[in-house]
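Here is the structure we will look at.
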Amino acid sequence: MEDVHRKAIRANYVKLSKDMELDLVMASLIQSGIYEPFMVDTFKAKPGKLVQNQTFLNNIETRGPKAYAAFLNALVEAGQEHLAKDIKSKERPRPQNQFEPMETSNFPSHPTDAGVWPNPEGPAIFEQFHVKRAQVKSEMVDNDEVYRMVSQPRGLAVIINNRTFRTMPERRGTEVDGRNLQHVFKELGFNVETKSNVKAQVYRMSSKPRGLALIINNKHFDSMKTRQGTDIDAKNLVHVFQQLHFNVDVKANVTALEMATIVKEFCKMNHSNFDCVALAILTHGVEGALYGVDEKKLLVEDLLKYFDADRAPTLIGKPKIIILQACRGERFDKGIESTDATGAGYAEEVPPPVEDENADPDALAESMLKLELEAPDAFARFVSWRNSERGSWFIQAFTEVILQYAQSEDLLSMLTKVNAKVAKAFESSSGRNKQMPAPVTMLTKKLFFFPGFFRQ
């Protein structure tokens with residue numbers, strides 16, 4: 001959704017929160033494909049019309065470029081055309097760019113020589129000058145209205161001074177600025193660190209598409225229980241990766257050997273023109289292994305070897321996002337929803353749960369899920385829980401957070417939000433059972449997806 005449309009909705013936030021008929025609006029949005037039917041329950045679970053509408057309004061902004069027009073149309077179809085008109089009236093056209101793009105090739109090689117220096121007789125470097133020491137009074141230091149500045153040293157000052165670039169002109173004279181700033185901060189009592197020609201500590205993420213995303217979704221097995229709700233997880237992941245500009249391929253119901261072959265060939269592909277790669281496997285599992293639909297095991301360790309430098313040379317130095325939605329064991333706490341465990345294992349003091357479609361859906365089990373980023377996980381022995389109508393707790397939260405924050409936050413910051421969302425939102429009614437995702441990373445830089453930005 002464009003910023004001008006977000007602002008138009010927010011300008012009517014109070015009126016929409018009070019007056020909008022969410023049930024009627026959602027019916028139209030489901031028909032137009034903006035939402036899935038299960039999302040109605042997500043909003044209606046909130047306490048009261050006001051909070052339900054506010055939750056919806058916060059979410060509609062994340063539903064893509066078609067959501068705004070579909071929302072206005074839904075209001076009209078719901079008999080609330082006046083609300084649609086109020087929103088339209090607050091649209092402000094995007095200001096036209098009045099400036100030509102900057103041509104760096106036209107930069108003078110000596111920028112300061114292009115004009116007249118205001119004081120050509122004065123020194124360029126001021127290291128011979130010193131800051132006069134202040135006569136500090138105790139009443140000044142202890143005054144709450146003044147920042148306290150009496151520590152020794154005052155703090156740490158970091159100066160990043162970039163002079164040479166790959167294609168842009170050299171910044172001549174910048175060493176003078178660096179020396180002057182270093183001198184000033186030292187005079188003020190700071191410890192100073194200077195770094196020169198620093199490369200960006202952010203992964204490049206501007207290719208179109210960003211990369212390839214492979215989703216393996218195993219639902220039906222020879223004798224193990226059907227993984228109800230996994231199709232919803234797969235559909236949500238497809239949507240998320242498409243919104244992040246990945247090309248997505250989905251493989252359903254594959255054997256262990258097929259799974260290994262598919263991942264092996266996926267990693268061998270030429271990823272040279274892409275900035276990232278993603279793999280998600282939704283299946284049954286035990287500690288250290290995943291099951292194919294033939295109920296044979298594929299070791300996670302063997303699976304990850306396909307991503308190493310020898311087998312996937314075009315992925316060297318690129319971030320690899322690997323999501324394994326599967327149990328790492330058969331330990332259960334109290335709970336009744338479908339799991340990705342392979343049998344009725346149980347903790348010593350807790351009897352194995354009985355799957356009952358009429359049972360209370362709020363009774364949850366302690367669970368460990370894994371999101372892997374270039375590294376194996378250490379958590380094991382726990383089942384992973386799904387809801388047959390909404391999918392797994394982790395994928396639900398992961399989808400919502402990525403759609404809402406990918407335009408402004410890096411991946412690890414978003415995973416922190418996912419942790420909080422799962423821990424708080426999926427707490428059982430008794431307040432005793434929770435789930436906590438366990439992200440593990442060996443990323444060496446920050447990973448921003450920069451949705452909508454592509455390099456030329």
Side-chain angles (χ1 to χ4, degrees), residues 211-225 227 230 233-234 237 241 246 248-272 274 276-331 339-343 345 367-384 392 394-395 398 437-444:
L212 306 179
L214 172 64
I215 300 172
I216 296 176
N217 181 23
N218 287 342
K219 180 176 181 179
H220 301 289
F221 296 76
D222 290 344
S223 62
M224 295 177 184
K225 292 177 180 178
R227 299 183 63 252
T230 189
D233 283 345
L237 287 175
F241 285 124
F246 284 79
V248 185
D249 186 23
V250 180
K251 305 292 185 184
N253 298 317
V254 298
T255 65
L257 179 58
E258 290 171 336
M259 187 157 47
T261 302
I262 290 170
V263 174
K264 179 180 178 181
E265 295 302 315
F266 176 70
C267 293
K268 284 173 58 180
M269 295 174 66
N270 187 355
H271 299 265
S272 300
F274 309 133
C276 189
V277 67
L279 170 67
I281 299 180
L282 318 174
T283 190
H284 280 307
V286 292
E287 181 177 353
L290 305 170
Y291 281 100
V293 294
D294 58 350
E295 300 178 7
K296 294 182 179 179
K297 297 178 183 177
L298 172 62
L299 295 180
V300 174
E301 181 181 359
D302 292 340
L303 186 74
L304 297 179
K305 290 179 181 178
Y306 296 131
F307 288 88
D308 64 25
D310 293 332
R311 296 175 177 85
T314 59
L315 287 176
I316 295 175
K318 297 179 180 180
K320 308 163 189 69
I321 303 173
I322 303 174
I323 303 174
L324 302 184
Q325 170 56 37
C327 288
R328 302 295 306 279
E330 299 181 348
R331 284 187 57 188
T339 78
D340 288 330
T342 61
S367 155
M368 290 293 176
L369 279 177
K370 176 185 138 193
L371 172 68
E372 179 167 323
L373 305 171
E374 291 188 321
D377 195 4
F379 290 96
R381 300 183 301 278
F382 283 90
V383 298
S384 163
S392 67
F394 173 73
I395 300 299
F398 179 78
V440 176
T441 176
M442 287 184 65
L443 297 175
T444 58

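Residue numbers start at 1 and run along the sequence shown.
Across all non-hydrogen atoms, the minimal contact from Cys267 to Ala312 is O-CB, 3.5 Å. Minimum heavy-atom separation, Leu443 to Pro319: CD2-CB, 4.0 Å. Considering all non-hydrogen atoms of both residues, Lys318 and Phe274 come closest at NZ-O, 2.6 Å. Closest approach of Ala256 and Leu298 over heavy atoms only: O-CD2, 4.2 Å. Here the closest heavy-atom approach between residue Asn217 and residue Ala234 is recorded as ND2-CB, 3.6 Å.
Between the CD1 atom in Ile323 and the CZ atom in Phe241 there is a gap of 4.5 Å [rounded to 0.5 Å]. Taking CZ of Phe394 as the start and CG of Leu324 as the end, the distance is 10.5 Å to the nearest 0.5 Å. With rounding to the nearest 0.5 Å, the separation of CD1 in Ile216 from CZ in Phe266 is 9.0 Å. Rounding to the nearest 0.5 angstrom, the gap separating the CG atom in Leu299 from the CG atom in Leu290 is 9.0 Å.
Counting only heavy atoms from C-beta outward, the side chains of Arg227 and His284 approach each other to under 4.5 Å. Inter-residue side-chain proximity for Thr255 and Lys296 is flagged as unmet; no heavy-atom pair is nearer than 4.5 Å. Using a 4.5 Å heavy-atom cutoff, the side chains of Val263 and Phe307 are in contact. Counting heavy atoms from C-beta outward, Tyr291 and Val286 have side chains that approach closer than 4.5 Å. Under the 4.5 Å side-chain criterion, counting only non-hydrogen atoms from C-beta, Leu212 is not in contact with Leu214.
For Lys219, the NZ atom counts as densely surrounded, since its 6.0 Å shell holds more than 12 non-hydrogen atoms of other residues, nucleotides or ligands.
Lys320 places a side-chain N or O within donor-acceptor distance of the main-chain N or O of Leu315, the cut-off being under 3.5 Å. Not a single donor-acceptor pair under 3.5 Å links the side chain of Thr283 to the backbone N or O of Gly292. At distances below 3.5 Å, not a single donor-acceptor pair connects side-chain atoms of Lys251 with backbone N or O atoms of Asp249. Under the 3.5 Å distance criterion, the side-chain polar atoms of Asn218 are matched with a main-chain donor or acceptor of Val254. Side-chain N or O atoms of Glu295 include none that pairs as donor or acceptor with a backbone N or O of Phe221 at under 3.5 Å.
We find that Asp302 and Lys305 are joined by a salt bridge, their nearest charged nitrogen and carboxylate oxygen being less than 4.0 Å apart.
The side chain to side chain contact (heavy atoms under 4.5 Å, CB included) test with Leu237 is passed by exactly one of Val250, Val248, Leu282: Leu282.
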